[in-house]
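Here the structure comes first, spelled out in structure tokens, and everything after it is commentary.
Just so you know, these numbers use all the heavy atoms, side chains as well, and skip hydrogens, waters and symmetry mates. As the structure lists them, so they are numbered: ligands from 1, and atoms in each ligand from 1.
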Amino acid sequence: MRFEFTEDQIVWRDEIRDFLRQNITPELQEEKRNSDPISNGPLAKAFLKKVEEKGWIGIGWPKEYGGMGETMIKQFIFMEEFRSAKAPTIGMTLTSLAPTIMRVGSEKMKKEWIPKIVSGEIDLALGYSEPEAGSDLANLKTEAVIDGDEFVINGQKTWNSEGHIATHEFLACRTDPDVAKHKGISIILVPINHPGVKVLPIHTWGDLRTNEVFFDNVRVPCDNLVGNLNEGWKYAMMALNLERFDIGSIADVRSLLTETIDFLKETTIDGKILSKNIMVRQRVAELYAELELCKWLCYAAASMIDENKFPIKEMLMGKIMGSELKAKVGDIGTQVMDLYGQLRQHSKWVPLNGDLERLYRMAPFYRFGGGTNEILRDIVAQKGLKLPRSGVR
Ligand SMILES: Cc1cc2nc3c(=O)[nH]c(=O)nc-3n(C[C@H](O)[C@H](O)[C@H](O)COP(=O)(O)OP(=O)(O)OC[C@H]3O[C@@H](n4cnc5c(N)ncnc54)[C@H](O)[C@@H]3O)c2cc1C
């Protein structure tokens, strides 16, 4: 076992660091702070254009689809460096949905859709959850019925986070109601500006706008089917696993802890430096250790993928640990800063530009995003530790 990068990986990391040093400006970071967490302003879009020009959009994608055909470790280094620098991130369309289309889509679909996804012309929202289908996703009811060479879609999605900014839905629909629930689902790409699609906002505590989306006799060509009819459950899980791995990367939170430590070292309350308080030191040291552990867990999973293993248990543990650490850093971080920790962005005395306070409000979402941690723990128990199925499901 080696806990260090190879020469080649160090060169790669340093190239990314140089790029970020040159292209992350204070103006860009300010724009990011003032935007919805998943929306990109003009500076972020210009930044991502430069990332595309570097050829870094699909690092792990095959070369014929504009990718670099690189290892998972290199993809993870990329993700970590971008998050550490608080750079605008490459969205879920590119990190989990396009790779799924690449694996299972027809040649025709790949040729037509992938270049438009790379160029940003097409952006996908994840249309899985419904009012009666969250953890129990196979319960979804939005139906797609074939009529000639079109699907006719009716139903409702909820928690559709990119519905207001994406061009299309990556929509999970019921295409066969007469088989076991998870066997009658298909994935269809649906243009959001089509007649019959209605998007309504849901505003959350963490500043993230998500949406309810309604489909009323929406007609799309059968060519928009991803992979095979009624095999959508498999594809949805494939995309979810990629999304979960992404959530495990929490270099942004490690950066925030470093900034918190700097604040504690230089801030005095009632004549006492915060960093001398024994309780503060112990809590910060504990967070540091756990963040390091999470980082290495994710790198271990990445290296297993490069060895053609499928580290389901390790990837899920990374997502569970990463998402819970986000909440823990937000919680403990704002506490150890004393009353300063409760101030919001734009307040005169706010520390860290309000980034930690925002993390406190945003963090609970990650425990749900990509499936709740309770469900994922159950999968680790069953698939990873080979325990019998739980009595609940
Ligand atoms: C801000 C936000 C953004 C989201 N964005 C998207 C998106 O873009 N696209 C999308 O499709 N979905 C999205 N989701 C939905 C998210 O994936 C679901 O919220 C999640 O899967 C849980 O489903 P649910 O909300 O219906 O909760 P439920 O399934 O009702 O669960 C409620 C609680 O019960 C627990 N629970 C349920 N079943 C079990 C069980 N068998 N064993 C143990 N515990 C159990 C859960 O862990 C949870 O704590 C988003 C959610 C939020 C909050």
Query raised in the report: Which of the numbered atoms in ligand 1 are below 4.0 angstrom from a heavy atom of Ser161?
Result: 3 (C), 4 (C), 5 (N), 6 (C), 7 (C), 8 (O)

Query raised in the report: Can you check whether Leu124's main-chain N or O pairs, donor with acceptor, with Thr93's side chain at less than 3.5 Å?
Result: yes

Report task. State, with a plain yes or no, whether a side-chain heavy atom of Trp205 is found less than 4.5 Å away from one of Tyr360. Result -> yes

Query - Of the listed options Ser135, Gly163, Gly370, Gly371, closest to atom 28 (P) of ligand 1 (non-hydrogen atoms) - result: Ser135

Requested in this report: Show which atoms of ligand 1 fall inside a sub-4.0 Å distance from at least one heavy-atom site of Phe365.
Outcome: 1 (C), 2 (C), 3 (C), 4 (C), 52 (C)

Query raised in the report: Is it the side chain (CB and beyond), the backbone, both or neither of Leu208 that lies under 4.0 Å from ligand 1, heavy atoms counted?
Result: side chain

Query - side-chain hydrogen bond (donor to acceptor under 3.5 Å, both in side chains) assessment of Gln156 paired with Glu212 - result: CA-CA 7 Å; Gln156 176 191 353; Glu212 287 189 279; 2.7 Å; yes

Report task. Taking all non-hydrogen atoms of both residues into account, name the closest pair between Ile250 and Glu80 and its distance. Result -> N-OE2, 3.7 Å

Report task. Could you name the option among Pro131, Ala236, Ser129 that has the heavy atom nearest to atom 15 (C) of ligand 1? Result -> Ser129

Query raised in the report: What do you reckon, does Glu162 have a nitrogen or oxygen under 3.5 Å from a nitrogen or oxygen of ligand 1?
Result: no

Query - Numbered atoms and elements of ligand 1 in range of Leu126, under 4.0 angstrom, heavy atoms - result: 7 (C), 8 (O), 9 (N), 10 (C), 11 (O)

Report task. Please determine if Thr158 has a nitrogen or oxygen closer than 3.5 Å to a nitrogen or oxygen of ligand 1. Result -> no

Requested in this report: Return yes or no for this condition: an N or O of Thr210 is under 3.5 Å from an N or O of ligand 1.
Outcome: no

Requested in this report: For the pair Trp296 and Phe3, name the ring-plane relationship: parallel under 30°, tilted 30 to 60°, perpendicular over 60°.
Outcome: perpendicular

Query raised in the report: Is the Phe5 to Tyr299 ring centre distance short of 6.0 Å?
Result: yes

Report task. Indicate the ring-plane relationship of Trp12 and Trp56, choosing parallel, tilted or perpendicular according to the 30° and 60° boundaries. Result -> perpendicular

Report task. Check each of Tyr366, Phe170, Tyr128, Trp159 against atom 13 (C) of ligand 1 and report the one with the nearest heavy atom. Result -> Trp159

